[in-house]
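What you see is a predicted model, and the numbers here were worked out from it, not measured in a lab.
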Amino acid sequence: MTNDLAPPRTDRLTRTLRLIGWTAVAGLLIAPAIAMRFTDEVRWTTSDFVFAGVVLLGAGGIGELAVRASRDWSYRIGAGLAVLAFVLLLWINGAVGIIGSEDHPANLLYLAVILAAFVGAVASRFRADGLVLSMTSAALIQAVIGVLAVLRGWGEGSESWPRPVIVLSIGFCLIWLASAALFRRAASGRPAKRSIPTSG
């Protein structure tokens with residue numbers, strides 16, 4: 001005899017993944033504080049913890065919006081990849097920098113990548129078809145910055161230059177494009193998903 005009151009398997013999976021996600025966010029914030037008590041190799045300042053908190057909590061919030069926006073797993077995984085790219089781009093740029101060191105001014109250009117993805121997502125009200133364009137634009141801007149960095153010699157003289165720029169540019173472009181492909185699948189394979197209401 002089936003239990004009609006039992007939650008659907010997909011809902012249980014969603015709750016489990018959300019729990020894992022928020023636990024991971026908490027763990028990433030707590031781990032440095034614990035490590036600082038046992039080694040001098042980890043030296044986080046208050047601003048480091050604030051930065052990490054804003055990035056990780058922001059990523060978690062975006063993930064929650066994705067879960068509420070659609071039950072389509074192509075949409076949700078696409079959103080997860082976009083959030084992953086967002087977190088990694090900010091984290092790597094803030095920690096060591098993609099172009100040269102973290103202090104190289106050209107690294108500020110990568111904010112345009114995040115703005116393209118975020119502004120496009122908001123403008124499209126988080127609809128899958130609009131997110132395809134947003135993620136593709138982010139990949140294009142990411143590639144253009146990488147090409148300019150190599151051609152103009154930004155960060156030249158740093159260790160292993162220009163390998164980090166090339167490898168990371170390709171890696172991030174692949175993540176953005178994979179996200180776009182999943183959103184395209186969500187947009188074309190099923191009826192239009194409900195958008196996230198915005199004020200005004």
Side-chain angles (χ1 to χ4, degrees), residues 21 24-63 66 78-123 131-181 183:
V25 167
L28 287 172
L29 289 174
I30 294 172
I34 295 175
M36 289 172 62
R37 294 182 173 274
F38 298 97
T39 177
D40 293 333
E41 296 296 322
V42 179
R43 298 179 180 178
W44 278 35
T45 63
T46 301
S47 60
D48 291 329
F49 281 102
V50 170
F51 173 78
V54 170
V55 171
L56 293 174
L57 292 175
I62 295 172
L81 288 177
V83 170
L84 176 65
F86 162 79
V87 171
L88 289 178
L89 188 56
L90 284 179
W91 205 285
I92 294 174
N93 231 3
V96 296
I98 296 176
I99 301 173
S101 69
E102 66 274 19
D103 297 323
H104 198 291
N107 283 309
L108 293 175
L109 293 173
Y110 288 110
L111 292 177
V113 178
I114 295 172
L115 285 175
F118 181 75
V119 172
V122 173
L131 290 169
V132 174
L133 179 59
S134 300
M135 300 305 112
T136 303
S137 299
L140 178 60
I141 296 172
Q142 183 97 43
V144 168
I145 295 173
V147 170
L148 287 175
V150 173
L151 293 180
R152 293 181 174 272
W154 295 339
E156 189 173 10
S158 59
E159 185 177 358
S160 301
W161 188 91
R163 188 184 306 163
V165 177
I166 296 173
V167 172
L168 290 173
S169 294
I170 292 173
F172 276 110
C173 283
L174 290 176
I175 297 176
W176 291 121
L177 291 175
S179 176
F183 283 128

Under 3.5 Å, which donor-acceptor pairs link side chains of residues 112-123 to any protein atom two or more places apart or in another chain?
none

State, to 0.1 Å, how close [X] and [Y] come at their nearest heavy-atom pair, and which atoms those are.
| X | Y | value |
| --- | --- | --- |
| Pro164 | Glu159 | CG-O, 4.1 Å |
| Trp176 | Ala138 | CD2-CB, 3.7 Å |
| Ser158 | Gly100 | OG-CA, 3.8 Å |
| Asn107 | Gly97 | ND2-CA, 3.9 Å |
| Ala178 | Leu81 | CB-CD1, 3.8 Å |
| Ala79 | Ala66 | CB-CB, 3.4 Å |

Please report the interatomic distance [atom1]([X]) to [atom2]([Y]), rounded to the nearest 0.5 Å.
| X | Y | atom1 | atom2 | result |
| --- | --- | --- | --- | --- |
| Thr136 | Leu131 | OG1 | CG | 10.0 Å |
| Leu168 | Cys173 | CG | SG | 10.5 Å |
| Ser169 | Ile98 | OG | CD1 | 6.5 Å |

Original post:
Short question: side chain of Ser179, backbone of Ile175 - any donor-acceptor pair under 3.5 Å?
Top reply: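 Side chain of Ser179 to backbone of Ile175, a donor-acceptor pair under 3.5 Å: no, none is there.
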Should [X] and [Y] count as side-chain neighbours, where that means a heavy-atom distance under 4.5 Å?
| X | Y | value |
| --- | --- | --- |
| Ile99 | Ile145 | yes |
| Trp154 | Val165 | no |
| Leu89 | Gln142 | yes |

Subject >> Residues in side chain to side chain contact (heavy atoms under 4.5 Å, CB included) contact with Ser134, at least two apart in sequence or another chain >> reply: none
Subject >> Contacts of type side chain to side chain contact (heavy atoms under 4.5 Å, CB included), residue Pro162, not counting sequence neighbours >> reply: Val150, Ile166
Original post:
Please, which pairs that meet ring pair (Phe, Tyr, Trp, His ring centres under 6.0 Å) have at least one residue in residues 29-55, sequence neighbours excluded?
Top reply: Trp44-Phe49
Subject >> Listed once per pair and sorted, the ring pair (Phe, Tyr, Trp, His ring centres under 6.0 Å) pairs that draw on residues 90-113, sequence neighbours left out >> reply: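 Of all non-adjacent pairs touching residues 90-113, none passes ring pair (Phe, Tyr, Trp, His ring centres under 6.0 Å).
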**OP:** Sort and list the pairs that fulfil side-chain hydrogen bond (donor to acceptor under 3.5 Å, both in side chains) and have at least one residue in residues 47-61, not counting sequence neighbours.
**Re:** Thr45-Ser47, Thr45-Asp48
